[in-house]
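Reading through the structure tokens given below for one structure.
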Amino acid sequence: MPPSLETLWLVPALPLLAASLGALTPRGGRRFSAGVAIAAMAGALLLSCLALRAALLDPSAHLVHNFRWFDLGNGAVELGWLLDPLSALMCVMVSLVGLLIFIFSLGYMCEDENFTRFFCFMSLFAAAMLGVVIANSLLLLFISWELVGLASYLLIGFWFHKPAAAAAAKKAFITTRIGDLGLLLGLVWLYDSTGSLLLYDGGNGVLEAGVLGNLGTMALAGGLAVPTAISLLIFCGAAGKSGQFPLHVWLPDAMEGPTPVSALIHAATMVAAGVFLIARVFPLISYDQALAADPLHALTVVAAIGAVTALLGAAIATAQSDLKRVLAFSTISQLGYMMLALGVGSWVAAIFHLLTHAFFKALLFLAAGSVIHAAHHEQDIRRLGGLGRTMRTTYATFAVGMMALSGVPFLFSGFWSKEAVLHAASEWAVSQLPLYAGLVGVVLTAFYMTRLLCEVFWGPARSPEAAHARENTGVITVPLVILAIGSVGLGFLGTPAWPWLESALTGRPVAPRSLLEGGGLMALSIVLVAAGLGAGWALYGRKVRVSADAKDPFSAAAPRLFGFLGARMRLDELYAATLGRLNTLGAALADFMDRWVWGGAVGFLALLGEFTGSVNSEVDESGLNAGFNSASERIRGAGRAYSGAQSGDAQGYLRTVAVAFVVLALLVLLGGGR
């Protein structure tokens with residue numbers, strides 16, 4: 001076993017140890033708690049880099065270490081961890097981006113009274129995500145998956161004294177549990193069908209050809225293949241974690257947590273988990289493509305949901321006024337692009353976009369946090385402005401992230417990963433609709449990010465908080481610079497001219513291609529990016545907002561559309577009016593059944609028991625006990641009468657004998673006389 005595989009379990013174990021130590025650290029141990037957390041993430045990063053080097057020695061291999069957890073009946077439950085380029089790259093990304101967010105948190109959370117608790121929860125979050133990444137068992141993955149959900153609940157509601165934060169934490173937890181129920185059912189079904197949840201197990205793993213072949217022979221009554229049904233259930237869990245329509249509604253409200261939490265959720269951990277899960281089980285979820293008789297393919301559903309989510313998130317982001325919520329809906333949209341890529345069959349493009357997105361979205365959230373921290377927690381973009389002059393480092397790095405997200409060619413990583421997604425969509429034989437949705441999303445993304453940049457950094461300061469904002473210290477700005485470098489450089493790992501990432505992930509040599517290959521689509525994409533940037537500049541840059549009360553140009557041009565998008569397409573209200581009312585009706589029905597049906601039945605049984613008890617008592621007291629007591633009293637009377645004769649007086653006994661003798665003698669004499 002390679003040394004890197006032997007020590008791979010330490011990658012999540014180190015942050016988990018830091019979380020355990022942080023839980024035992026009193027509030028006064030701020031330096032210790034933060035130091036242990038950052039040291040653990042640095043150690044995880046070092047081990048991840050060593051693991052990546054080992055994985056790249058043979059990219060096509062799946063190095064596993066499985067072990068028996070406990071016996072179950074005639075078998076055993078086995079867990080294990082897996083080392084391949086996908087898991088190694090994800091470990092490096094999570095630990096590196098997480099480390100930078102941890103360092104940023106030193107400055108951002110320095111005045112919070114629960115500083116030690118914050119780093120405890122953040123370490124738990126990172127450990128859980130790393131556990132998801134290295135798992136070779138879907139059971140171990142699910143355990144880590146649920147720990148991710150728990151950590152997100154604790155961090156989104158970290159400021160639990162705020163009702164909005166407490167409500168957002170509950171909303172995130174419950175919404176993702178809906179998806180997780182589907183995932184759990186899928187895993188139970190998969191175990192029942194295959195007898196294992198190990199991904200790779202010397203030919204017996206659920207992602208290996210022999211097991212998939214046996215699974216492919218099973219079908220439901222309606223003709224749906226069992227692999228398709230299981231894959232759709234697994235996708236439910238991925239859709240919940242990665243904020244896919246219709247389970248996306250928790251993600252914008254998650255902004256109630258501290259900004260480093262938002263960065264960790266949206267860049268490196270929770271939302272990336274769903275995309276990673278589908279990429280990890282891609283051999284299973286794509287297996288039904290070979291089953292011609294299957295009426296529905298799982299990847300078709302994934303592509304459709306991804307396309308809808310990409311378009312929906314981008315559209316809603318154009319009309320948001322909260323700095324972090326614009327970025328939140330942007331994340332929803334970009335996750336839709338990743339799911340779209342998975343659905344059209346290019347899991348490599350999805351992972352490429354996931355990795356680039358991790359850097360530029362972490363950069364954007366941390367830059368937003370820098371703004372919020374400097375502006376005394378003001379995050380309404382209408383009340384900001386003018387920060388480009390007073391916060392130059394934050395402005396410059398935010399601009400890098402904005403251009404990477406918008407797909408500005410050719411320098412920024414988001415351009416190359418977005419082009420990989422669009423190119424894969426253009427080659428999908430099923431439909432071109434996902435491609436069209438992706439192209440519309442390109443325009444909208446460039447538009448709303450230009451709007452955001454202009455509103456926050458251009459023009460005059462529109463509030464006292466913005467006017468007094470100054471650049472933050474190095475502990476906040478240095479992570480921004482590092483992430484900005486990554487947002488530029490990471491894209492060159494996956495360009496057509498040097499397809500290193502594709503070769504590393506697939507384990508196959510990939511020949512370099514001309515940058516002009518597929519040039520028509522690339523040219524169209526560049527034109528659309530320019531159109532979005534131009535529209536944003538025309539509305540928000542050419543004539544910047546001068547006061548917080550000034551009407552939004554988009555709102556002035558299309559007030560009803562702006563209001564509809566600003567209200568998140570009223571999907572929350574729709575859910576409240578339908579599912580919410582259905583839930584209320586179900587609760588009322590359950591209450592009625594509990595009070596009047598089951599409660600009535602219990603009450604009737606109680607009355608029946610009381611009646612039979614009273615009858616039993618009456619029979620017992622008046623019948624059995626009375627007769628027994630009467631007989632006993634007679635016996636006691638006879639005993640008392642008999643005991644009177646037992647006086648112990650010898651003279652009395654002699655008199656009695658003498659009298660008896662006289663009586664007997666008289667009877668004899670009288671009898672003899674006859």
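Atom set for the values below is all heavy atoms of this structure, side chains included, hydrogens, waters and symmetry mates excluded.
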Think Arg560 forms a cation-pi with Phe562, using NZ or CZ under 6.0 Å from the six-ring centre and within 45 degrees of its axis? no
May I ask you to establish whether Arg451 and Phe554 are in a cation-pi arrangement, using a distance under 6.0 Å from NZ or CZ to the six-membered ring centre and at most 45° from the ring axis? no
Below 4.5 Å, heavy atoms only, C-beta onward: do [X] and [Y] meet side chain to side chain?
| X | Y | value |
| --- | --- | --- |
| Asp253 | Val249 | no |
| Leu574 | Met569 | no |
| Leu452 | Gln320 | no |

Atom [atom1] of [X] and atom [atom2] of [Y]: how far apart are they, to the nearest 0.5 Å?
| X | Y | atom1 | atom2 | answer |
| --- | --- | --- | --- | --- |
| Leu411 | Trp416 | CG | CH2 | 10.0 Å |
| Glu419 | Ser525 | CD | OG | 3.5 Å |
| Ile305 | His248 | CD1 | NE2 | 11.0 Å |
| Arg470 | Thr390 | CZ | OG1 | 5.5 Å |
| Ser413 | Phe359 | OG | CZ | 9.0 Å |
| Thr331 | Ile265 | OG1 | CD1 | 10.5 Å |

Would you say [X]'s side chain and [Y]'s backbone share a donor-acceptor pair under 3.5 angstrom?
| X | Y | answer |
| --- | --- | --- |
| Tyr337 | Gly438 | yes |
| Ser431 | Leu433 | yes |
| Ser242 | Gly274 | yes |
| Lys241 | Met270 | no |
| Glu378 | Ala374 | no |
| Trp458 | Arg542 | no |
| His468 | Pro464 | yes |

Atom of [X], atom of [Y] and distance for their closest heavy-atom approach:
| X | Y | value |
| --- | --- | --- |
| Gly313 | Ile332 | CA-CG2, 4.2 Å |
| Leu384 | Ala375 | CD2-CB, 4.0 Å |
| Ala350 | Leu342 | CB-CG, 3.6 Å |
| Glu471 | Arg392 | OE2-N, 3.4 Å |
| Ala469 | Leu387 | CB-CD2, 3.7 Å |
| Val408 | Phe415 | O-CB, 3.5 Å |

Pair [X] + [Y], salt bridge at N-O below 4.0 Å:
| X | Y | result |
| --- | --- | --- |
| Arg117 | Asp112 | no |
| Arg325 | Glu256 | yes |
| Arg382 | Glu455 | no |
| Asp549 | Arg383 | no |

For Thr356 and Ser417, does a side-chain donor sit closer than 3.5 Å to a side-chain acceptor? yes
Regarding Lys361 and Ser330, do their side chains bring together a donor and an acceptor under 3.5 Å, going by distance alone? yes
Look at the rings of His373 and Tyr108 and say which category their plane angle falls in: under 30° parallel, 30 to 60° tilted, over 60° perpendicular. tilted
With under 30° as parallel and over 60° as perpendicular, where do the rings of Trp159 and His377 fit, or are they tilted in between? perpendicular
Are Glu113 and Arg30 close enough, and set up right, to give a salt bridge (Lys or Arg N to Asp or Glu O under 4.0 Å), and what steps lead you there? CA-CA 10 Å; Glu113 62 180 354; Arg30 297 163 69 91; over 6 Å; no
Are there over 12 heavy-atom neighbours, none belonging to Lys162, within less than 6.0 Å of that residue's NZ? yes
Neighbour count above 12 (heavy atom, 6.0 Å) for His376 NE2: yes
Side chains of residues 476-492: which donor-acceptor pairs under 3.5 Å do they make with residues two or more places apart or in other chains?
from: Thr477; atom 1: OG1; to: Thr473; atom 2: O; distance (Å): 3.3
from: Ser487; atom 1: OG; to: Phe360; atom 2: N; distance (Å): 3.4
from: Ser487; atom 1: OG; to: Leu483; atom 2: O; distance (Å): 2.8

Working for side-chain contact (heavy atoms from CB on, under 4.5 Å), residues Phe457 and Val371: CA-CA 10 Å; Phe457 294 99; Val371 168; 3.9 Å; yes
Hey, mind stepping through Ser370 and Thr394 against side-chain hydrogen bond (donor to acceptor under 3.5 Å, both in side chains) and telling me if it holds? CA-CA 7 Å; Ser370 178; Thr394 299; 2.9 Å; yes
Walk me through it: do Phe119 and Phe115 pass the test ring-ring contact (aromatic ring centres under 6.0 Å, His included)? CA-CA 7 Å; Phe119 275 95; Phe115 184 86; 5.0 Å; yes
How far apart are the C-alpha atoms of His423 and Glu427, what are their side-chain angles, what is the distance that settles it, and do they pass the side-chain hydrogen bond (donor to acceptor under 3.5 Å, both in side chains) test? CA-CA 7 Å; His423 185 73; Glu427 296 180 341; 3.0 Å; yes
